[in-house]
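Note that the numbering runs from 1 along the sequence shown for the chain. Just so it is clear, the values below take in all heavy atoms, side chains as well, and ignore hydrogens, waters and symmetry mates. Please read all numbers here as calculations on a predicted model, not as lab measurements.
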Amino acid sequence: MSTATTGGSRTNDKVIVVLEGRITAYTAAPIWRSAIDTLVRNPNRPVVVDASRLEYVDDVGIALLFDLIRRHRPADANVEIRELPPNLAALLHNYDPQDFVGPAPGRRPMGILEHLGRATAQHTAYVKELAAFLSECASALRQVFMQRGVVKWGDVLDIATEAGANAVPIVLLIGFLMGVIIAFEIGLVARQFGAVIFVVNGVGVAMLRELGALMTAIVFAGRTGAAFAAQIGTQKVNEEVNAISTFGLDPIHFLVAPRLLAAMLMMPLLAVLADIVGIFGGALVMATFDVGFLQFYDQLVRAVTAGDFVLGIVKAAIFGLTIAAIGCHRGLSTGAGATSVGLSATSAVVTSIVLIVVIDGVFAVFTS
C-alpha cells in the first residue's frame, strides 16, 4: 500500500506540491508538515497542489487540503488544487475559506426563559414518549391475559423472586420503623391532651392507606426499578435488544411484560408485610403509653375498615406497575457506554419516586 508523498518544485515562478497515494489519519501528519513548510518557504509565489495521483483521503486528508487553501496569502501567491477527483472536490468546496478567517463567535449565554423553554420542551417530549411506551405495555399485558403462551411464567417467577422475596428484609425494617416513628411522634402530642388512645387510629389509617404502600414503593423504586433499568440498559448497550428484534421477538413482550407482571404481583404482598410490621411497631410503642395489646387491637378494629386496606393494596399494585414501566423504559432508552447505564438507573429511580408521590397525591384528593 502506497503512502502519500509531497514534493515541491518550481515551474515558471510557481511552486508545485505533488500529493499521491493515500492520506489518512495515520499518514497525514508528516505530509501536512511538509506542505506547510513549502508554503512558508515560498510566501510570495503561487502554489499549485497536484492531486491527480491521490488514491484515497479520509476526513483528515480533506482537512489538510482545506487548510492549504484557507491560509492567508497575497493575491498573486494563492494556493490552487488541481486534478482533484470530483467527489473530493465537492466536499472541499462546500465551505468558504473566508468563513474561517475570523475567530469563532462566542456562544450567547442562555437566559432564564430559554432554559425554562428548553426544559419544558424536553419534558413534554419525554411525556409523549412515555405515553406511547405505556400504550404498548398495556397492549402487551392485554395479550398476556387473553392469550396463552405469550409470556413465560417461569421468567415472571424468577423476576418476582429477585424483586420481591429478596426485598422482604428491608421492607420489614422500613415498615417497622415507620410504625414506631408515627406512634412516638403522635403519642407525644396526644398525651398532652389526654387522647393517647386515638394514636392507634392514626397508626392504623396511616399504615394501611398511605405509608405501607408509599414507603414500600420508594424502597422498590430504589432497589428494583434501578435494577430493571440497569439490566435492560446493559442489554441495550450489548445490542442484545437488537438481537431479540432480529429474531422476530418483541422486546416489550420478551423483556418488559414479565417485569410488569412481577412488580404488579409482588408490590401488594410487600405492602401487606409493611402494614403488619408497621402496626406491630406502633403497638410496641403504645405499650409504653399504657395502651395494652388487647386495647390496641380493639381500637384498631374500630378505627380502620376494609376499604382502607383495599385502597393501600390498589395503590401498591399501581405503584409497582409504574416503577417497573419507568425502569424498563429508561433501560430501553439507554445510549452507548457504561455511563449511560448508570444515568438510566439514576433517572429511573428519580422519575419513579416523583410519579409515585404524584399518584399518591391524586389518590389522596379523590379518596379523602
Could you walk me through whether C137 and V256 satisfy the side chain to side chain contact (heavy atoms under 4.5 Å, CB included) test, starting with their C-alpha distance in whole Å, then the side-chain angles of each, then the deciding distance to 0.1 Å, before giving a yes or no? CA-CA 8 Å; C137 291; V256 178; 3.8 Å; yes

Close side-chain approach of R259 and Q231, heavy atoms under 4.5 Å: yes

Assess whether side chain to side chain contact (heavy atoms under 4.5 Å, CB included) is satisfied between V357 and V354, documenting all intermediate values. CA-CA 5 Å; V357 175; V354 171; over 6 Å; no

Residues 160-199 vs ring pair (Phe, Tyr, Trp, His ring centres under 6.0 Å), sequence neighbours excluded, gives none

Taking S135 for the side chain and A131 for the main chain, is one N or O donor matched with an acceptor at less than 3.5 Å? no

Evaluate the side-chain proximity of V79 to V49: yes if any heavy-atom separation is below 4.5 Å, no if none is. yes

How about I279 and I276: do any of their side-chain heavy atoms sit closer than 4.5 Å? no

Is there side-chain contact between R191 and L188, with heavy atoms separated by less than 4.5 Å? yes

Taking every non-hydrogen atom, the tightest pair across I326 and A348: CG2-O, 3.7 Å

Straight-line distance of S340 OG to K236 NZ, nearest 0.5 Å: 9.5 Å

Across all chains, not counting sequence neighbours, the side-chain hydrogen bond (donor to acceptor under 3.5 Å, both in side chains) partners of S52 are D50

Residue pairs, two or more places apart or on separate chains, that pass ring pair (Phe, Tyr, Trp, His ring centres under 6.0 Å) and touch residues 286-345: Y126-H329, F133-H329

Looking at every heavy atom in both V349 and A226, which two are closest together, and how far apart are they? CG2-CB, 3.5 Å

For the backbone of T120 and the side chain of T124, can you confirm whether one donor and one acceptor N or O come within less than 3.5 Å of each other? yes

Between E80 and K14, does any side-chain N to carboxylate O distance fall below 4.0 Å? no

For A303 and D308, which heavy atoms make the closest approach, and how far apart are they? O-OD2, 4.4 Å

Shortest non-hydrogen contact from A160 toward A262: N-CB, 3.7 Å

Side chain to side chain contact (heavy atoms under 4.5 Å, CB included), that's the test. Do F247 and I244 meet it? Break it down for me. CA-CA 5 Å; F247 287 135; I244 292 173; 5.8 Å; no

To the nearest 0.5 Å, what is the distance between CZ on R209 and CG on D360? 10.0 Å

Shortest non-hydrogen contact from L260 toward A324: CD2-CB, 3.7 Å

Do V237 and V241 sit in one hydrophobic cluster, given that two such residues count as connected whenever their side-chain heavy atoms are within less than 4.5 Å of each other, even indirectly? no

Show, in sequence, the C-alpha distance, side-chain angles and deciding distance for I197 and V199, and conclude whether the side chain to side chain contact (heavy atoms under 4.5 Å, CB included) test is met. CA-CA 5 Å; I197 190 61; V199 176; over 6 Å; no

Classify the side-chain pair T27/R22 by whether it contains a donor and acceptor separated by less than 3.5 Å. no

Going by the rule side-chain contact (heavy atoms from CB on, under 4.5 Å), which residues pair with N238 if we only count those two or more places apart in sequence or in a different chain? T234, E240

Kindly indicate whether the side chain of L68, heavy atoms from C-beta on, has any atom under 4.5 Å from the side chain of V47. no

Apply salt bridge (Lys or Arg N to Asp or Glu O under 4.0 Å) to the pair K315 and E210, showing each step before the final yes or no. CA-CA 9 Å; K315 281 184 179 181; E210 293 290 339; 2.9 Å; yes

Answer with yes or no whether the hydrophobic clustering places V200 together with L284; edges join I, L, V, M, F, W, Y residues whose side-chain heavy atoms lie under 4.5 Å apart. yes

When rounded to the nearest 0.5 angstrom, what is the spacing between CG in N166 and CE in M266? 9.0 Å

Value for CD1 (I323) from CD1 (I353), rounded to nearest 0.5 Å, stands at 8.5 Å

Quick one: does I174's side chain get under 4.5 Å of T216's, heavy atoms only? no

Under the side-chain hydrogen bond (donor to acceptor under 3.5 Å, both in side chains) rule, collect the residues that match up with S344, sequence neighbours excluded. T334

Please report the interatomic distance CG(L208) to CG(L311), rounded to the nearest 0.5 Å. 10.0 Å

Listed partners of R118 passing side-chain hydrogen bond (donor to acceptor under 3.5 Å, both in side chains), at least two apart: E114

I36, V15: one ILVMFWY side-chain cluster at the under-4.5 Å cut-off? yes

Ionic contact status for D298 with R302, cut-off 4.0 Å: yes

Spatial distance of atom CG (L332) from atom CD (E129) [nearest 0.5 Å]: 10.0 Å

Would a 4.5 Å heavy-atom cut-off, applied to side chains only, mark I16 and V18 as touching? yes

Shared ILVMFWY cluster between M178 and I313, side chains joined below 4.5 angstrom? yes

When you compare the side chain of I318 with that of F363, does any pair of heavy atoms fall below 4.5 Å? yes

State yes or no: do V189 and M207 share one hydrophobic cluster built from I, L, V, M, F, W and Y residues joined by side-chain heavy-atom distances below 4.5 Å, directly or via other members? no

Looking only at heavy atoms, which two atoms of G61 and I23 are closest? And how far apart? CA-CG2, 3.7 Å

